[in-house]
Amino acid sequence: MNWHEKNAEFNALIKQLFHDDDWKKRAEAARQLGLLKDGRATNLMCRALRSEKDHIVINRIIEALGRISDGRTTLRIIERLLEEREKEEPDKYRIIYIIESLIKIKDKRALSYLGPLLASSDDDVRDLTLRAFDVIEPRWKEIVDRERNKSIQEIFKTKY
């Protein structure tokens with residue numbers, strides 16, 4: 001596929017993500033954009049993540065942003081994590097999608113927000129969070145041991 005064909009496909013997927021009435025088509029567009037791994041989609045997908053209402057489409061956007069692996073998406077994904085944690089009944093699978101995407105992005109800014117999930121009552125979420133810490137900051141346990149008088153949020157808080 002040449003550049004013009006890829007560009008036409010990219011533009012069609014972006015249009016579908018924002019304008020299609022069928023949630024299945026929007027979800028598939030998000031998935032396809034993630035598979036393209038085209039950094040041009042980053043800002044547009046972050047905008048879609050803020051405006052999208054369908055839960056499945058939101059999950060596909062989060063997955064796609066993880067595949068693209070652009071650090072600019074970290075804070076938008078964290079916004080969704082914070083929203084989910086505030087809910088009376090958080091969606092375990094949304095949290096898992098978020099953690100998996102943050103693992104792929106490997107942005108250390110995510111650690112202070114993932115910290116509370118280390119104490120999750122859900123084994124899957126807790127284990128995946130441990131894996132996220134291991135991938136994003138392999139020496140995190142040493143750092144925490146050194147800074148025993150601080151919380152994980154204080155230790156990994158970044159100045160961005």
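Worth saying up front: this structure is predicted, and the values here are computed from it rather than measured.
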Over all atoms of both residues, closest heavy-atom pair of [X] and [Y]:
{"X": "Met45", "Y": "Ala64", "answer": "CE-CB, 3.3 Å"}
{"X": "Leu17", "Y": "Ala48", "answer": "CD2-CB, 3.8 Å"}
{"X": "Ser101", "Y": "Ile77", "answer": "CB-CD1, 4.2 Å"}
{"X": "Lys106", "Y": "Ile103", "answer": "CG-O, 3.0 Å"}
{"X": "Ile95", "Y": "Glu84", "answer": "CG1-CG, 3.8 Å"}
{"X": "Val135", "Y": "Pro138", "answer": "O-CD, 4.0 Å"}

Taking side chain to side chain contact (heavy atoms under 4.5 Å, CB included) as the test, write out the residues that go with [X], two or more places apart.
{"X": "Thr74", "value": "Ile78, Leu102, Ile105, Asp107, Arg109, Ala110"}
{"X": "Asp22", "value": "Asp20, Lys24, Lys25"}
{"X": "Glu142", "value": "Arg139"}
{"X": "Leu44", "value": "Ile14, Phe18, Arg47"}

Please identify each residue that fulfils salt bridge (charged side-chain N to carboxylate O under 4.0 Å, His left out) with [X], with sequence neighbours left out.
{"X": "Glu147", "answer": "Lys150"}
{"X": "Asp124", "answer": "Lys92"}
{"X": "Arg131", "answer": "none"}
{"X": "Arg50", "answer": "Glu79"}

Straight-line distance of [X] [atom1] to [Y] [atom2], nearest 0.5 Å:
{"X": "Leu117", "Y": "Arg126", "atom1": "CG", "atom2": "CZ", "answer": "11.0 Å"}
{"X": "Asp70", "Y": "Asn43", "atom1": "CG", "atom2": "CG", "answer": "8.0 Å"}
{"X": "Asp134", "Y": "Thr129", "atom1": "CG", "atom2": "OG1", "answer": "11.0 Å"}
{"X": "Arg26", "Y": "Leu13", "atom1": "CZ", "atom2": "CG", "answer": "14.0 Å"}
{"X": "Arg60", "Y": "Asp54", "atom1": "CZ", "atom2": "CG", "answer": "10.0 Å"}
{"X": "Arg80", "Y": "Leu65", "atom1": "CZ", "atom2": "CG", "answer": "11.0 Å"}

(message) Ring-plane angle category for Trp140 and Phe133, please: parallel below 30°, perpendicular beyond 60°, tilted otherwise.
(response)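 It falls in the tilted class, 30° to 60°.
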(message) Going by salt bridge (Lys or Arg N to Asp or Glu O under 4.0 Å), name the pairs with one or both residues in residues 29-40, residues two or more places apart or in two chains.
(response)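 Sorted pair list: Glu28-Arg31, Asp38-Arg40.
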(message) Between the side chains of Glu154 and Lys157, is the shortest nitrogen-to-carboxylate-oxygen separation below 4.0 Å, so that they form an ion pair?
(response)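 Salt bridge between Lys157 and Glu154, a charged N being under 4.0 Å from a carboxylate O: no.
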(message) With a 4.0 Å cut-off on N to O distance, would you call Glu9 and Lys6 a salt bridge?
(response)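 Judged by the 4.0 Å cut-off on N to carboxylate O distance, Glu9 and Lys6 do not form a salt bridge.
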(message) With side-chain contact (heavy atoms from CB on, under 4.5 Å) as the criterion, how do His55 and Asp91 come out once you've worked through the C-alpha distance, each side chain's angles and the decisive distance to 0.1 Å?
(response) CA-CA 10 Å; His55 298 291; Asp91 181 345; 5.5 Å; no
I'd like to know if the side chain of [X] and the backbone of [Y] have a donor-acceptor N/O pair within less than 3.5 Å.
{"X": "Glu5", "Y": "Asn2", "result": "yes"}
{"X": "Arg85", "Y": "Tyr113", "result": "yes"}
{"X": "Glu100", "Y": "Glu63", "result": "no"}

(message) Lys53: which residues meet the side chain to side chain donor-acceptor pair (under 3.5 Å) condition with it, sequence neighbours left out?
(response)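 Listed in chain order: nothing, the list is empty.
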(request) Please identify each residue that fulfils side chain to side chain donor-acceptor pair (under 3.5 Å) with Asn59, with sequence neighbours left out. (result)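 So Asn59 forms a side chain to side chain donor-acceptor pair (under 3.5 Å) with Arg94.
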(request) Please test Ile155 against Leu111 for side-chain contact (heavy atoms from CB on, under 4.5 Å), starting from the C-alpha separation and ending with a verdict. (result) CA-CA 9 Å; Ile155 294 169; Leu111 295 177; over 6 Å; no
(request) Check ring-ring contact (aromatic ring centres under 6.0 Å, His included) between Tyr97 and all other residues, then give those that pass, not counting sequence neighbours. (result)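 Expected list: none.
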(request) Give a yes or no on this: more than 12 heavy atoms of other residues, nucleotides or ligands lie within 6.0 Å of atom CZ of Arg146. (result)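 Above 12, so yes.
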(request) Answer with yes or no whether the hydrophobic clustering places Leu35 together with Ile61; edges join I, L, V, M, F, W, Y residues whose side-chain heavy atoms lie under 4.5 Å apart. (result)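 No, Leu35 and Ile61 fall in different hydrophobic clusters.
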